[in-house]
Amino acid sequence: MRRGRVVLLAGLIIAAVGLQVRGRDMFRPRTAAAEAAATTQAIEFFETKLATDPMNALVATRLAERYMLRFQHAADLNDVRRAESLIAQSVPYVADQASLYANLSSVRLTRHDFAGAWTAAQTALTAEGRPEPAWSATFDAALATGRYEVAARARAHLEPGSAAELLRRAHWLDAHGDADAAFAAHAEVCEQLERSAVRAVTQAWCLVELAGIEQGRAGPEAAEPLLRRALRVLPGYRGAIEALADAAHASHDWRRAIRLYAAIAVDAHPDLYLRLAEAERALGRVHEAGRWERAFLRVAAAPEAEPLYAHPLALYWAERPDTRAQALQVALRDVERRPAVESWDVLAHVYYRAGDFTAALEASDRAVSFGAASPTILYRRARILAAVGRQAEAAALLQDALARPDLLEPEARLDLARSGAG
């Protein structure tokens with residue numbers, strides 16, 4: 001799976017709650033900043049109405065939707081927390097309990113409350129109301145927490161060809177390495193959204209996700225037109241800017257990467273602070289690199305932040321001998337929270353950096369047991385296999401992983417540069 005798959009889950013929330021058809025007056029092109037300002041105005045309007053009628057579930061639901069839409073623009077986790085609170089307080093007043101709990105599950109996934117998301121999805125399955133949102137939420141929560149057989153069963157309950165089913169099909173196929181079929185399924189979703197005249201942020205999100213699949217198929221150059229298209233749909237959309245910055249980072253265009261990352265760097269995505277630090281260090285600007293690393297640690301190592309930022313924090317600490325014990329504890333707790341592919345892969349790498357190659361291989365075995373592994377997982381597994389003496393297997397895997405080094409995640413590219421394996 002590619003980095004940022006939880007971004008897909010955040011996008012699925014938008015697909016679930018943000019598919020309202022735009023009025024004629026909303027077809028005028030807007031920038032992301034203008035869309036965010038309009039959403040803020042709507043939030044203020046609904047907050048005022050809710051203050052005068054606290055039990056109005058319809059208003060609370062609309063307000064929660066707007067908070068999740070604004071999160072796509074501003075990446076402020078307080079918006080996610082407010083949306084969760086609004087949905088939870090609406091439980092006694094909503095007839096379609098299945099949809100309500102499905103939305104609650106999706107919001108919890110956005111803030112990486114995996115146990116809470118799973119519980120809400122299971123509640124949705126037994127609640128009164130429409131079944132498809134409950135099955136969609138179950139698929140998302142199951143895939144995020146490593147319950148892959150449950151995810152497969154949940155997808156079978158979705159209406160074939162619906163946007164909900166196509167999104168999950170694309171995610172499933174992409175995770176299994178069938179990029180061509182995943183691209184076709186996701187492209188159909190984007191076409192449906194465009195025909196439905198949904199909000200610009202939903203269309204832009206869809207195109208960025210499609211670009212991610214295309215990059216895996218044909219590389220960053222093939223993905224860039226889709227990203228440019230997303231920026232035409234919604235100028236300033238942060239998801240497209242991040243993807244372009246990632247491409248610049250992968251091609252060692254450090255100055256462009258810095259310019260793009262700096263435009264969207266916020267505390268909700270502290271991994272971008274690390275990307276900025278790596279680019280600054282590559283240019284020899286050690287002081288600036290240190291400043292961005294301190295910003296990363298301020299956010300990712302803060303109390304109660306670990307569930308959100310466990311992966312980048314564990315990988316960062318694993319590279320430093322004095323914090324490897326902390327990295328291991330973070331990675332172990334994350335596997336306990338969500339025994340998914342990415343979590344096992346991070347744990348494998350942390351064990352490898354700590355010199356426990358047997359444990360590293362056991363964790364890597366779990367990471368590749370789901371299906372097709374990403375280039376990053378293959379690369380890390382190759383390093384582990386070499387460490388335990390399985391040189392022939394390691395060489396073959398490394399060759400596969402390095403066939404497209406631009407597809408490696410930033411942490412793996414940095415490790416590759418340090419090791420000289422490329």
Exam field: side chain Glu128 to backbone Ala95, donor-acceptor pair closer than 3.5 Å: no
Applying the side-chain hydrogen bond (donor to acceptor under 3.5 Å, both in side chains) test to Tyr67, which of Arg81, Glu47, Glu84 qualifies? Glu47
Check step by step if salt bridge (Lys or Arg N to Asp or Glu O under 4.0 Å) holds for Arg333 and Glu336. CA-CA 5 Å; Arg333 286 192 293 266; Glu336 186 176 353; over 6 Å; no
May I ask you to test the Val368-Leu378 pair for a side-chain heavy-atom distance under 4.5 Å? no
Please check if the number of heavy atoms outside Gln399 that lie under 6.0 Å from its CD is greater than 12. no
Arg381 with Asp345: basic N within carboxylate O range, under 4.0 Å: no
Compare all side-chain heavy atoms of Leu227 with those of Leu231 and state whether any distance is below 4.5 angstrom. no
Taking all heavy atoms of Gly219 and all of Arg404, pick out the closest pair and write down the distance. CA-NH2, 2.9 Å
Distance from Leu361 atom CG to Asp356 atom CG, nearest 0.5 Å? 10.5 Å
Run the salt-bridge test on Glu278 and Arg275 with the 4.0 Å N-O cut-off and return the result as yes or no. yes
Flag, side chain of Gln97 to backbone of Val91, donor-acceptor distance under 3.5 Å: yes
When you compare the side chain of Leu158 with that of Arg168, does any pair of heavy atoms fall below 4.5 Å? yes
Tell me, which pairs form a disulfide (SG to SG under 2.5 Å) where one or both residues lie in residues 295-382, sequence neighbours left out? none
Would you please classify the geometry between the His171 ring and the Phe139 ring as parallel, tilted or perpendicular, with 30° and 60° separating the classes? perpendicular
Closest non-hydrogen atoms of Ala144 and Leu109, given as atom of the first, atom of the second and distance, are CB-CD2, 3.8 Å
Does atom CZ of Arg229 have more than 12 heavy-atom neighbours from other groups under 6.0 Å away? no
Taking the side chain as every heavy atom from C-beta outward, state whether Val150 and Thr145 have any atom pair closer than 4.5 Å. no
Would the distance check show the side chain of Ser136 and the main-chain N or O of Ala164 forming a donor-acceptor pair, the cut-off being under 3.5 Å? no
Check whether His157 reaches the backbone of Glu132 with its side chain - one donor and one acceptor, N or O, closer than 3.5 Å. no
Between Thr323 (side chain) and Gln326 (backbone), is there a donor-acceptor pair under 3.5 Å? no
Which atom names give the shortest non-hydrogen contact between Val299 and Ala305, and what distance separates them? O-CB, 3.4 Å
Taking Thr39 for its side chain and Glu35 for its backbone only, find out whether a donor-acceptor pair lies under 3.5 Å. yes
For His311 and Ser343, which heavy atoms make the closest approach, and how far apart are they? NE2-OG, 3.3 Å
Full working for side chain to side chain donor-acceptor pair (under 3.5 Å) between His249 and Arg413: CA-CA 10 Å; His249 189 284; Arg413 290 198 301 270; 2.8 Å; yes
Run the side chain to side chain contact (heavy atoms under 4.5 Å, CB included) check on Tyr93 and Asn56 step by step: do they pass? CA-CA 8 Å; Tyr93 313 112; Asn56 191 323; over 6 Å; no
When you measure from the side chain of Arg238 to the backbone of Ile264, do you find a donor-acceptor pair of N or O atoms at a distance under 3.5 Å? yes
Pick from Tyr261, Trp292, Tyr309: which one makes a ring pair (Phe, Tyr, Trp, His ring centres under 6.0 Å) with Tyr273? Trp292
pair Tyr237-Leu207: side-chain heavy atoms closer than 4.5 Å: no
Closest approach of Val350 to Ala314 (non-hydrogen atoms, all atoms of both residues): CG2-O, 4.0 Å
Using a strict 4.0 Å threshold on nitrogen-to-oxygen distance, state whether Arg298 and Glu293 make a salt bridge. no
Could you check Asn103 against Met68 for side chain to side chain contact (heavy atoms under 4.5 Å, CB included), going step by step and ending with a plain yes or no? CA-CA 11 Å; Asn103 284 341; Met68 293 308 298; over 6 Å; no
What's the shortest heavy-atom distance between Phe46 and Val59, and which atoms? O-CG1, 3.6 Å
Should Asp334 and Glu306 count as side-chain neighbours, where that means a heavy-atom distance under 4.5 Å? no
Would you mind listing every ring pair (Phe, Tyr, Trp, His ring centres under 6.0 Å) that reaches into residues 326-362, with sequence neighbours excluded? Tyr352-Phe357
Measure the shortest side-chain to side-chain distance between Trp172 and His176 over non-hydrogen atoms and say whether it is less than 4.5 angstrom. yes
Check this for me, if you would: do Asp79 and Arg82 make a salt bridge, where the nitrogen-to-carboxylate-oxygen distance has to be below 4.0 angstrom? no
Would you give the length of the straight line joining atom OG1 of Thr358 to atom CD1 of Ile384, rounded to the nearest 0.5 angstrom? 11.0 Å
Measuring from atom OH of Tyr379 to atom CG of Leu416, what distance do you get when rounded to the nearest 0.5 angstrom? 4.5 Å
Please walk me through it: do Leu173 and Asp180 pass side chain to side chain contact (heavy atoms under 4.5 Å, CB included)? CA-CA 9 Å; Leu173 291 167; Asp180 291 341; over 6 Å; no
To the nearest 0.5 angstrom, please state how far the CD atom of Glu411 sits from the CG atom of Leu274. 7.5 Å
Are Glu209 and Leu167 close enough that some pair of their side-chain heavy atoms sits under 4.5 Å apart? no
To the nearest 0.5 Å, what is the distance between CD1 on Ile87 and OG on Ser99? 11.0 Å
Output yes when Glu188 and Arg169 qualify as a salt bridge under the 4.0 Å nitrogen-oxygen rule, no when they do not. no
Quick one: OG on Ser162 to CD on Gln192, what's the gap to the nearest 0.5 Å? 7.5 Å
Checking Lys49 against Leu58 for the side chain to side chain contact (heavy atoms under 4.5 Å, CB included) test, could you report, in this order, the C-alpha distance in whole Å, the side-chain angles of both residues, the deciding distance, and whether it holds? CA-CA 11 Å; Lys49 287 185 68 69; Leu58 179 60; over 6 Å; no
Would you call Arg70 and Asp76 a salt bridge, using N to O less than 4.0 angstrom? no
